[in-house]
Amino acid sequence: MDKENIKCVRYKKEFDGKIYYIFLIPDEQDSSMTNFYMQEDNYGFMSMKIGIYLDKLNVSIEEFINGYFNEWLESHKEEILKLEKNSNLKVR
C-alpha cells in the first residue's frame, strides 16, 4: 500500500436545510483533469459527478457547481437508494 498526499478543494453548499460538500480532486490518470465528488454532511458515501478540465471552463467553479447542483443531487440520491436496496447496510 502506498500513501499519497493530494491537494483537494472542498465547497460547502446548503440546500433544503441540509449541507452538501463538493470535493474537487485531481484525476489519477490525467493530472490536468479535476473530478467533482458530492457528499452529504454526516454521511460516509461520496459519489463522483463529473471530470473536467478546469482551464476549459468559461464560468467560475462556483457558477459551474450551482448550474449542475440539482442534477448532481438527484443522481446522488438515486445512487444511495440503489446501494441501500441492494445491501443490508444503510448508507445514511
Visitor: State the CD1-CG distance between I52 and D55, to the nearest 0.5 angstrom.
Guide: 9.5 Å
Visitor: Is a side-chain N or O of Q39 found less than 3.5 angstrom from the main chain of Y43, in a donor-acceptor match?
Guide: yes
Visitor: Please tell me whether F36 and Y68 form a close aromatic pair, meaning their ring centres lie under 6.0 Å apart.
Guide: no
Visitor: Let me check something: do F64 and F23 share a hydrophobic cluster, defined by ILVMFWY side-chain heavy atoms less than 4.5 Å apart, either directly or through other members?
Guide: no
Visitor: The criterion is side-chain hydrogen bond (donor to acceptor under 3.5 Å, both in side chains); which residues satisfy it with D41, sequence neighbours excluded?
Guide: Y21
Visitor: Side-chain contact, heavy-atom cut-off 4.5 Å: K13 with N66?
Guide: yes
Visitor: Working to the nearest 0.5 angstrom, can you tell me the gap between S47 OG and K77 NZ?
Guide: 12.0 Å
Visitor: Of all residues at least two apart in sequence or in a different chain, which pass the side-chain contact (heavy atoms from CB on, under 4.5 Å) check with Y11?
Guide: V9, I22, L24, I61, E62, I65
Visitor: Partners of E79 by salt bridge (charged side-chain N to carboxylate O under 4.0 Å, His left out), sequence neighbours excluded?
Guide: K49
Visitor: Of all residues at least two apart in sequence or in a different chain, which pass the side-chain hydrogen bond (donor to acceptor under 3.5 Å, both in side chains) check with S31?
Guide: none
Visitor: Which Ile, Leu, Val, Met, Phe, Trp or Tyr residues join M33 in one cluster when any pair of side-chain heavy atoms under 4.5 Å counts as a link?
Guide: Y53
Visitor: Measuring from E40:CD to K18:NZ, what's the distance to the nearest 0.5 Å?
Guide: 4.5 Å
Visitor: Once ring pair (Phe, Tyr, Trp, His ring centres under 6.0 Å) is applied, do any residues pair with F69, and if so which ones, sequence neighbours excluded?
Guide: F15, Y20
Visitor: Could you measure the distance from the CD1 atom of I80 to the OG atom of S75? Nearest 0.5 Å is fine.
Guide: 10.0 Å
Visitor: Applying the 4.5 Å side-chain criterion to the ILVMFWY set and letting contacts propagate, would I50 and L54 be lumped into a single cluster?
Guide: yes
Visitor: Looking only at non-hydrogen atoms, find the nearest pair between N35 and G51 and report the distance.
Guide: OD1-CA, 3.3 Å
